[in-house]
Amino acid sequence: MQQKYNPQLIEREAQQYWDASGAFRAVESPGKPKYYCLSMFPYPSGKLHMGHVRNYTIGDVLTRYHRMNGRNVLQPMGWDAFGLPAENAAMANGVPPAKWTYDNISYMKGQLKSLGFAIDWSRELATCQPAYYRWNQWLFLRMLEKGLVYKKSGIVNWDPVDKTVLANEQVIDGRGWRTGALVEKREIPMYYMAITKYADELLGALDTLPGWPERVKTMQANWIGKSYGVRFAFPYELGGKREKLWVFTTRADTIMGVTFCAVAAEHPLATHAARGNPKLAAFVEECKRGSVMEADLATIEKKGMPTGISVVHPLTGEKVPLWVGNYVLMGYGEGAVMGVPGHDQRDFEFAQQYGLPIKPVIRPAEGKLELPLKAAYLEYGVCFNSGRYDGLGYPQAVDAVAADLKAKGLGEKQVLWRLRDWGISRQRYWGTPIPIIHCPACGDVPVPDKDLPVVLPEDCVPDGTGNPLAKRADFVDTKCPKCGKAAKRETDTMDTFVDSSWYYARYACADNAQGMVDRRVDYWLPVDQYIGGIEHAILHLLYSRFWTKVMRDLGLFKVDEPFTNLLTQGMVLNDIYFRQSDGGRITYYNPAEVEAENGGATLKADGQPVESGGMGTMSKSKNNGVDPQELIDHYGADIARFFMMFTSPPEDTLVWSDAGVEGASRFLRRLWNYCLKFEGGGGPAADPTLQKAVRLEIHSVLKQANYDIARHQFNTVASAAMKILNALEKLPAIDREVAPEGL
RNA sequence: GCCGGGAUGGCGGAAUUGGUAGACGCACGGGACUCAAAAUCCCGCGGUGGCAACACCAUGAGAGUUCGAUUCUCUCUCCCGGCACCA
């Protein structure tokens, strides 16, 4: 044993030994209880950040804990390798996304290795490898056959200057990030996965997941958003033709309070009305500007304009004016809503703004409704002012209204899901090609299985003006698999969430070239412990659950749910410092360059003060990241890892502290010194009574520590470790079995 | 705007089911050892007043329930995550 604590030496020796002996290779052994410990795989952005170190350290602690408890543990690692940043890097540096990605993977893999994680690298995968993404294509085709994939139009952000589709992230204040042009909404054909067919099961099965945090389950339940309502129609006549305007409402009891209807700018009725009405046409155009993000739509100023068209109230027969509203979403329900200003706050504000009548029809069951209304009355109450529905409560009124609408053939009760089908088409290069061929004669033809994978050329360099794949004749031009005549390949690629929806299963059989998965998944699945950021609480985890169920229904899996236990780790935060120039430009300074004193802070370089921007997630934009590599180089991996576990419970945010790292380092050196003392052996025999007492203490603390690890209470483990160490140091020598190896 | 979460000393946090708020650690201060420093060890460490015993105040703000609230209820403020094309 080394006399001085030398992490570089110790860690290199240990890591070389682990590598050479294949210490972390997981082998299926049916007799042995398995434990599949999975951390969310990283996007190969360039180098590891603190969030990665934290994520993988938590996973590694659990991995080693369960190994020591005799489980057959699998901890794999891979790369979520498709995505937008690679294309951005390509534009900035002229390097193909493939090269950039593979270089990053190679560098980051080295970093992960130097952290000494107990990873089975023999199962490594990268989603940008044809050997992986061919199975995205294969399953897409199976889903197409089962009607779980279909084509319809969707709305995207369109940059009119670059003539390209933009991701939400590339739209800044309604303008394209490169061109500054006002972004438009544009409708294009896209492929969708019918996740709504599984909505009921995805919602119900949340109850079968006791190992998931309550808040994640609540968020998913709200996202799926099962609501019971009534779908009904307002009849109207247009150009002599009788038509119906369909809407959905969860408040059919307020139907007698309808004073207007509104449609989205993209609704066919709006388009029709805009013809020959230049003012309306201009308004419709204005609505089509701006981003498609729901957060933007929900906060914009509500605007509308009358179409001049009237529709007919299905129950009263009264004329109802039809408006175009910028807050009506084409993607939700029918792209049209009934307007009940008395009982919907958004409608109330809209009616006030445009002088539309407000007709209250619901009053509290006891007491009076204060009139005139100062705000919409949103409570469930009793109908009044509603003809034959007067006096009915919410459920009775909804039943009665639904029955009457049904009798007229104008509507009925319906379950509405907030969840929408998953649009997977991306007009981008660096992703899984969608395996479809467009034939002028046969239409959209699936690529036959024998021609999979449709390989993505790896030498394209995007320039920001649309998908480079579309410019590659060698990719696009092909023959129709049906008729053999000249045809064109689909150039859209898949959403990267497809890649991450099933990677956990591929780890069980990453070497299988014949199939997507094989029977080894029956041994390893489900994942016993999944660890990752809370930011994935909804989308990634929901898509994964959906794919798991689809794969189960295709007979590929026996499991219903992919992840038995879920740990959502907190963010890593650090101080933010900046200076603002006279022109308003803000320059951020890394906390490492700043000297913080009580109350103020100065830049080390010039001694002048800097402003504090509080605390925030480590990010490039705020220049407040700490490079884990420096930490590893300076203190060694064990201290970096120990600090991560020691300083804050895994599910809470972790605030960076140089002093905390220093403290963690001191603790480990202390432990090292104790071990030296122990290795040296001997020393004067301690008072046997004291020795026994301390041993009892250690046992009880270790027991508590095990219990705490099982509950992910790592912070208390750190405390327990401290107590053990304090106790150990009081003894000249103790039994090996109670030495703190278990920590 | 909507959904979810959070706020306790200088800092991370503890208080296990409504019962002594601040465990444990970090940082800091004092002391021991040392020519000196590092390391290590000992003591102190929410605020105000007091030599002290002790007293009063204090868990983001305000109200409520209770003998008793960090814990339960309501309202509000601020912060964080998500909002379907960042991953």
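Just so it is clear, the values below take in all heavy atoms, side chains as well, and ignore hydrogens, waters and symmetry mates. By convention in this document, chain letters (A, B, ...) are assigned in the order of the sequence lines, proteins followed by strands, and residues within each chain are numbered from 1.
Minimum atom distance to the side chain of A/Ala295 is reached by B/rC83, of the listed B/rG81, B/rA87, B/rC83. Closest approach to the A/Leu84 side chain among B/rC83, B/rG81, B/rC86 is made by B/rC86 (side chain taken as heavy atoms from C-beta onward). Comparing B/rC86, B/rG81, B/rA84 by their closest approach to the side chain of A/Glu169 singles out B/rC86. You'll find that the side chain of A/Leu539 is closest to B/rC83, out of B/rG1, B/rC83, B/rC86. Nearest to the side-chain atoms of A/Glu535 among the listed nucleotides B/rA84, B/rG82, B/rC3 stands B/rG82. Of all nucleotides listed (B/rG1, B/rA87, B/rC86), B/rG1 comes nearest to the side chain of A/Ala298.
Nucleotide B/rA27 forms no Watson-Crick or G-U wobble pair with any nucleotide shown, as no partner meets the under 3.5 Å limit on both distances. Nucleotide B/rA53: unpaired (no Watson-Crick or G-U wobble partner with both distances less than 3.5 Å). Nucleotide B/rA39 forms no Watson-Crick or G-U wobble pair with any nucleotide shown, as no partner meets the under 3.5 Å limit on both distances. With a cut-off of 3.5 Å on both pairing distances, B/rG22 has no Watson-Crick or G-U wobble partner at all. In a base pair of the Watson-Crick type (N1 to N3 plus N6-O4 or O6-N4) or a G-U wobble (N1-O2 and O6-N3), with each distance short of 3.5 Å, B/rU77 is matched with B/rA7. The partner of B/rA84 cannot be assigned: no Watson-Crick or G-U wobble pair with both contacts below 3.5 Å exists in any strand. The base-pairing partner of B/rC72, taking Watson-Crick or G-U wobble contacts with both distances under 3.5 Å, is B/rG64.
When the P atom of B/rC83 is taken as reference, atom CD1 of A/Ile224 falls 16 Å away, rounded to whole Å. Straight-line distance from the CG atom of A/Asp495 to the P atom of B/rA84: 12 Å, rounded to whole Å. One can place CD1 of A/Ile534 at 7 Å from C1' of B/rG81, the figure rounded to the nearest angstrom. In this entry the distance linking CG of A/Leu542 with P of B/rA87 reads 18 Å, nearest Å. In this structure, A/Glu214 atom CD and B/rC3 atom P are separated by 18 Å, rounded to whole Å. Here the P atom of nucleotide B/rG4 and the CZ atom of A/Arg418 are 11 Å apart, to the nearest Å. Between the P atom of B/rC86 and the CE atom of A/Met91 lies a distance of 14 Å, rounded to the nearest Å. Remark: P of B/rA87 and CD1 of A/Ile538 are 17 Å apart, rounded to the nearest angstrom.
Taking the six-membered ring for Trp and the full ring otherwise, the centers of A/Phe140 and A/Tyr191 sit less than 6.0 Å from each other. Annotation: A/Tyr327 is in aromatic contact with A/Phe350 [ring centroid separation under 6.0 Å].
Going from the P atom of B/rG12 to that of B/rA7 covers 11 Å, rounded to whole Å. Of the C1' atoms belonging to B/rU71 and B/rU16, the separation is 12 Å, rounded to the nearest Å. Rounded to the nearest Å, the gap between the C1' atom of B/rC45 and that of B/rA27 is 11 Å.
Within 4.0 Å of A/Ile300, counting heavy atoms only, lies no atom of the nucleic acid at all. Among the heavy atoms of the strands lying under 4.0 Å from A/Met190 is at least one base atom, whether or not backbone atoms are also near. Note on A/Thr218: only backbone sugar-phosphate atoms sit closer than 4.0 angstrom, heavy atoms only; bases stay farther off. A/Gln170 comes within 4.0 angstrom of no nucleic acid atom, judged by non-hydrogen atoms across all strands. The residue A/Val171 sits apart from the nucleic acid: no heavy atom pair falls under 4.0 Å. Residue A/Trp422 is out of contact with every strand shown, counting any heavy-atom pair closer than 4.0 Å. Among the protein residues, A/Ser425 comes within range of the nucleic acid bases, having at least one heavy atom under 4.0 Å from a base atom. At a threshold of 4.0 angstrom between heavy atoms, the contacts of A/His540 with the nucleic acid are absent.
Checking A/Asn104 against A/Trp79 by side-chain atom types alone, no donor-acceptor pair falls below 3.5 Å. Side-chain polar atoms of A/Asp159 and A/Thr164 form no donor-acceptor pair below 3.5 angstrom. For the residue pair A/Glu349/A/Gln353, the side-chain donor-acceptor check at 3.5 Å is not satisfied.
Glycosidic conformation of B/rG9 is syn; the angle stays within 90° of 0.
Using a 4.5 Å heavy-atom threshold, the side chains of A/Thr496 and A/Trp430 count as separate. Considering only heavy atoms from C-beta on, A/Met193 comes within 4.5 Å of A/Met143 through its side chain.
Map A/Thr496 and A/Arg215 each onto its nearest nucleotide of RNA chain B; the residue landing nearer the 5' end is A/Arg215. RNA chain B is contacted by both A/Met293 and A/Met219; A/Met219 maps to the nucleotide lying nearer its 5′ end (nearest heavy atom per residue).
Heavy atoms from other residues, nucleotides or ligands lying under 6.0 Å from NZ of A/Lys226 number more than 12.
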